[in-house]
Structure formats: C-alpha cells, structure tokens
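Basis for what follows: all heavy atoms, side chains included, without hydrogens, waters or symmetry-related copies.
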Amino acid sequence: MASRASSARSSRSSKPRPAHHANNSATLFRNPWPSAEKPTWSELLTISNPLSWYNNHDLHKDERAREIKVVQPDWGISSPKNRGLKQENCIVGTWLGHAGVMVELPLEGVRNASMSRASTGSWPSLPTQRKPSLWVLFDPIFSMRAGPTQYTGPSRMKPSPVQAADLPACDAVVISHNHYDHLDLVSIKAILLRFPKCKFFVPLGNKTWLTATGVPSEQINEMDWWSDLEFSPRDFGFEVEENDMDSTVLKFTCVPAQHNSGRGTLDQGSTLWSGWVIEQFLHPKIEESDKLVVRRTRKGGIYHAGDTGYRRTAKSEEVCPIFEEIGKKLGPFDLSFIPIWRGGTLSFISYIGLRLSHQEIPSAFHASPADAIDIHKVVKSKNTVGVHFGTFIGSVNESYEATIEFDEAREKQGVAKLEDSSQAEHGRAGLIDIGESIAIEIETR
C-alpha cells in the first residue's frame with residue numbers, strides 16, 4: 001500500500017497560509033493561540049517571587065513524593081502478567097527517560113517479519129513466540145548531556161536505562177521537535193547504525209537535518225500539523241497474510257503542540273514542533289447484497305504530546321484549544337505520554353538548592369503537572385504516563401515536586417491511578433520508573 005499525505009508542500013501555494021505558518025515559504029512557525037502569548041499585565045501583577053529554598057519545603061517527606069528509579073527494561077514481559085493481561089492484546093509502553101518512549105503495538109493480519117524489516121537481527125531479551133508488533137521510538141536521547149556537544153548542555157541526573165544497541169527492535173523513530181533534549185545527534189546516528197531501514201517521522205523543516213546526519217531521504221516523512229500518512233505493515237517489512245492484503249492500516253498523524261524550536265540563536269522557530277498520534281485500523285470486508293461495504297475498525301491508538309504548554313501562566317484562564325480538538329478528531333487513546341515538567345535548561349537553579357516555582361513564572365511552553373491532567377482529560381486519554389521530568393534535573397527535589405503535584409491534580413480531577421483495574425470515567429494517569437514498561441489492553445472501536 002502506497003503511503004499518502006493529506007497535505008503537501010506543493011499544494012500550499014493554492015491554499016490560504018495556515019495560521020501557524022509565520023511566512024509563505026513554511027520556514028518560520030508560530031503558536032496561533034492566545035494561550036501562547038506573553039502574560040497580560042493583570043496576570044503579571046499576580047505573580048510573586050518565584051524563588052525559595054527547597055529545604056524549606058521538605059518534599060521528600062510528602063506521602064505523594066515518589067523516587068524515580070532506573071530499571072533494566074524487560075520490554076513488557078512482566079507487565080501483562082502482573083496485570084492479568086495477554087501480551088498479544090496489549091500496547092506496551094516503556095519509558096526511557098525524559099520524553100523518550102518505546103511503544104510496541106501488536107499487529108493484526110501479519111506473519112513474522114521478513115528479513116528486510118528495519119529491526120533485523122536477534123531479539124535476545126524477547127521470547128521467540130512473541131506476536132509480531134510495530135516498534136515505535138519517540139524522542140530518543142541516550143546521551144549524558146542534552147546539548148550541541150557531549151560536553152555542553154544540561155546533564156542527566158538519571159542515566160539512560162539502555163543504549164541504541166540494546167533496543168530489541170525499531171520500525172519507526174518519531175521526533176516532536178529539534179531541541180537538543182528531543183533530537184540528539186549521537187542517539188540518531190546510533191539508532192541508524194542499529195536499524196538502518198527504520199522510518200523517521202518529523203515535523204516540517206527537520207528533514208534537512210536528518211539527511212545531513214545520514215538518514216536516507218526516502219526513509220524520512222516530514223509532515224505539517226493535521227497531515228497524516230497511512231502504511232501497510234508491508235511498508236515496514238512485515239509479511240502480510242494473503243487474505244488480509246489490505247486489511248491492516250497503520251496511520252501516523254502529526255498533531256499541534258504549544259511549544260517552539262531552535263538549536264541556536266539564529267534558527268528560532270524555523271522548524272515546526274508537534275505531537276503525534278499512531279493508530280492501527282482494520283478493514284473487515286462485509287458483503288451486503290450486491291455491493292461491498294468496508295467498515296474501518298480501530299485497534300490501538302497512541303498519543304505522544306511531545307513537549308507542550310497549556311496556558312500562559314498557572315493562573316491564566318486562557319488555555320490552548322488544540323487539545324480538545326485532538327480529542328474530538330482522534331481520541332480516545334489507549335495510551336498517552338504527556339509532559340509534566342519543564343526542560344533541563346534551568347536545572348542549575350535546583351542544583352544550588354533553590355526552588356523555581358512554575359506557579360509564578362510564564363509557562364506557555366511547558367505544561368505543569370496539573371496542566372498535564374487537564375490535557376489527559378480533554379484529549380480523552382484512557383491511560384496516561386507522565387514524562388519529561390526526573391531526568392535532566394539539578395536535584396531530586398525537582399522530581400519530587402513533579403510527582404507530588406501530578407498525583408494531587410490526578411486525585412482532585414477524579415482521574416484514577418494508573419494501576420487501578422476498575423472502570424475509570426476520566427481514565428487513569430500515573431508514573432512509572434525509567435526503563436519500566438506498562439501494558440494496556442487495547443480497546444477495539
């Protein structure tokens with residue numbers, strides 16, 4: 001099945017310029033919502049001194065404080081058993097630290113992967129009888145620093161649980177934007193060396209960087225907000241069952257986020273930022289009298305928000321409307337990954353013992369823990385894992401602060417714990433360790 005794009009650069013000249021394009025050549029981008037603008041004067045007047053000493057807060061004594069450990073990944077071998085689920089019916093998500101996530105989506109209508117598949121080679125840590133799956137890697141960074149060199153940029157407090165050579169498979173690499181903590185040169189090169197045929201999915205403007213890094217042009221899918229691409233499992237090297245030639249479709253959708261981009265002072269906003277949705281659809285053929293009716297059934301929906309904000313300040317009533325639109329168009333999602341903390345640029349503040357309260361600073365580009373719960377609800381996520389915290393930080397207090405506020409917001413808004421097995425009207429949300437996997441049973445709809 002040939003891939004298709006719902007919007008292409010060649011057709012832009014005949015269409016009105018999208019609101020998030022800041023010029024006519026699609027080389028400069030902006031956030032088109034009031035929620036991303038600078039704080040109003042009335043909002044600024046409500047802001048107090050954002051700095052205090054962490055030792056005045058005793059965060060480690062809070063019952064909601066959770067220590068984030070680094071564990072050896074088992075890629076979902078134990079999680080389904082612990083939750084009383086069958087692995088072949090589950091999406092498995094493994095947090096690799098910061099925004100890095102590996103997701104395994106079991107496929108329908110395919111046999112074992114052919115030798116041309118991107119993830120050729122042995123899977124030493126996985127059982128041989130495991131069901132064929134699509135393995136998708138989001139925003140990978142295995143380096144110790146997030147910067148232009150291995151000696152510059154924020155450094156990890158928590159090490160990566162794996163390196164690219166340790167990954168059992170990788171069919172697709174999905175990048176949300178080009179900040180160093182989401183698009184890491186050393187990591188991309190290592191992934192390409194281990195999985196030379198994997199496909200890459202990036203927002204507009206990032207293809208040139210990838211080709212310069214060595215990724216073949218034909219393996220790169222560069223996309224705008226709300227554009228989507230559909231593939232057959234055969235496009236990823238799987239052998240499709242004869243009677244299921246056109247029955248399984250894998251759909252990648254680039255969705256908006258409220259953030260920015262840039263790897264230096266001169267390229268700010270010159271490439272696009274985004275979140276991503278990945279879905280598997282089945283096309284059962286149903287005969288009705290003398291015509292053929294095809295009904296599309298979804299079996300698996302995944303949402304990765306990338307890096308995003310939600311409102312100008314914690315006290316702003318203006319929120320980004322795009323998440324409700326994502327939920328209406330593409331939700332609900334079986335499993336989501338939503339950022340709950342700022343990047344590592346300001347980690348030096350907590351390193352010296354100071355606490356920088358996100359309640360008292362502009363926060364248009366980074367969601368707070370409470371914002372993440374709001375996003376979870378409006379995108380209609382069934383299960384959400386908080387990410388983008390606890391890795392590139394200056395002290396463990398930053399991690400404690402995020403875990404406490406995330407759990408407080410979850411409880412306040414009536415969201416169940418991630419490990420709960422009972423029915424949850426507003427879904428489930430929670431945290432896992434770095435390297436830990438969670439299995440979520442797929443809802444067919």
Side-chain angles (χ1 to χ4, degrees), residues 20 29-31 36 93-103 136-143 146 154 170 172-185 187-188 191 198-210 213 215 220-229 251-263 267-279 301-310 320 322-323 326 330 333 335-345 364-367 371-372 375-376 379 381 384-389 391-392:
H20 63 286
F29 304 93
R30 59 184 289 268
N31 294 293
T94 303
W95 185 34
L96 300 179
H98 204 52
V101 175
M102 175 69 88
V103 174
V136 182
L137 185 59
F138 294 91
D139 285 359
I141 177 168
F142 307 116
S143 301
C170 183
V173 177
V174 179
I175 302 297
S176 65
H177 64 296
N178 73 350
H179 284 162
Y180 288 105
D181 55 334
H182 295 255
L183 181 59
D184 178 61
L185 176 63
S187 299
I188 295 299
I191 292 165
C198 67
K199 296 182 183 297
F200 287 78
F201 295 81
V202 294
L204 289 181
N206 289 288
K207 184 173 183 177
T208 300
W209 186 93
L210 285 177
T213 303
V215 181
I220 305 170
N221 301 280
E222 187 181 60
M223 300 165 66
D224 200 355
W225 287 354
W226 296 120
S227 65
D228 59 74
L229 291 167
K251 182 179 179 181
F252 290 69
T253 304
C254 179
V255 296
Q258 183 172 293
H259 199 56
N260 57 6
S261 67
R263 294 172 77 83
D267 68 339
Q268 296 297 299
S270 63
T271 62
L272 188 58
W273 49 94
S274 71
W276 292 89
V277 172
I278 299 175
E279 303 164 283
I302 303 157
Y303 171 53
H304 189 288
D307 199 354
T308 187
Y310 189 59
C320 184
I322 205 65
F323 299 101
I326 291 171
L330 301 172
F333 303 108
L335 181 58
S336 300
F337 301 91
I338 299 176
I340 69 173
W341 201 247
R342 56 183 175 258
T345 306
F365 295 152
H366 290 107
D371 291 338
I375 295 171
H376 157 85
V379 300
S381 178
T384 291
V385 176
V387 297
H388 204 270
F389 81 105
T391 308
F392 292 99

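Put simply, the side chain of W209 does not reach to within 4.5 Å of the side chain of T271, judged on heavy atoms. A heavy-atom distance below 4.5 Å is not found between the side chains of F323 and V255. By the 4.5 Å heavy-atom criterion applied to side chains, R263 and Y180 are counted as neighbours. No side-chain heavy atom of P140 sits under 4.5 Å from any side-chain heavy atom of D184. Using a 4.5 Å heavy-atom threshold, the side chains of D181 and P154 count as separate. Between I278 and V103, every side-chain heavy-atom pair lies at or beyond the 4.5 Å cut-off.
Distance check: Y310 OH to C320 SG gives 8.0 Å after rounding to the nearest 0.5 Å. The distance from the CG atom of L183 to the CG atom of L210 is 6.5 Å, given to the nearest 0.5 Å. Annotation: the span from F201 atom CZ to N221 atom CG amounts to 4.5 Å, rounded to 0.5 Å. Rounding to the nearest 0.5 Å places CD1 of I338 at 10.0 Å from NE2 of H304. Residue T213 holds its OG1 atom at 7.5 Å from CD1 of I188, rounded to the nearest 0.5 Å.
Pairing each heavy atom of N31 with each of A257, the nearest pair is OD1-O, 3.5 Å. Residue G205 comes nearest to E222 through the heavy atom pair N-OE2, 2.8 Å, listed as atom of the first residue, atom of the second, then distance. The shortest non-hydrogen separation linking L272 to N206 is O-ND2, 3.6 Å. Closest of all the heavy-atom pairs between W276 and I175 is NE1-O, 2.9 Å. Nearest heavy atoms, G386 versus I340: CA-CG2, 3.8 Å. Of all heavy-atom pairs spanning V173 and C198, the tightest one is CG2-SG, 4.1 Å.
Panel note: side chain D228, backbone F252; no donor-acceptor pair is recorded below 3.5 Å. Side-chain N or O atoms of D267 include none that pairs as donor or acceptor with a backbone N or O of S270 at under 3.5 Å. In this structure, the side chain of T391 engages the main chain of H98 through a donor-acceptor pair within 3.5 Å. Side-chain atoms of S261 do not come within 3.5 Å of backbone N or O of H177 as any donor-acceptor pair. In this structure, the side chain of H388 engages the main chain of W341 through a donor-acceptor pair within 3.5 Å.
Taking the ring-ring contact (aromatic ring centres under 6.0 Å, His included) definition, one finds that H20 meets it with W225, sequence neighbours left out.
Between F389 and W95, the ring centre distance stays below 6.0 Å.
Classified by interplanar angle (parallel below 30°, tilted 30° to 60°, perpendicular above 60°), the ring pair F29/W273 is perpendicular. The aromatic rings of H259 and H179 stand perpendicular to each other, their planes meeting at an angle above 60°, with 30° marking the opposite boundary.
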Where do F365 and D307 land on the side chain to side chain contact (heavy atoms under 4.5 Å, CB included) test, with the steps shown first?
CA-CA 8 Å; F365 295 152; D307 199 354; over 6 Å; no
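Side-chain contact of D139 with S176: a donor-acceptor pair under 3.5 Å is present, judged by distance alone.
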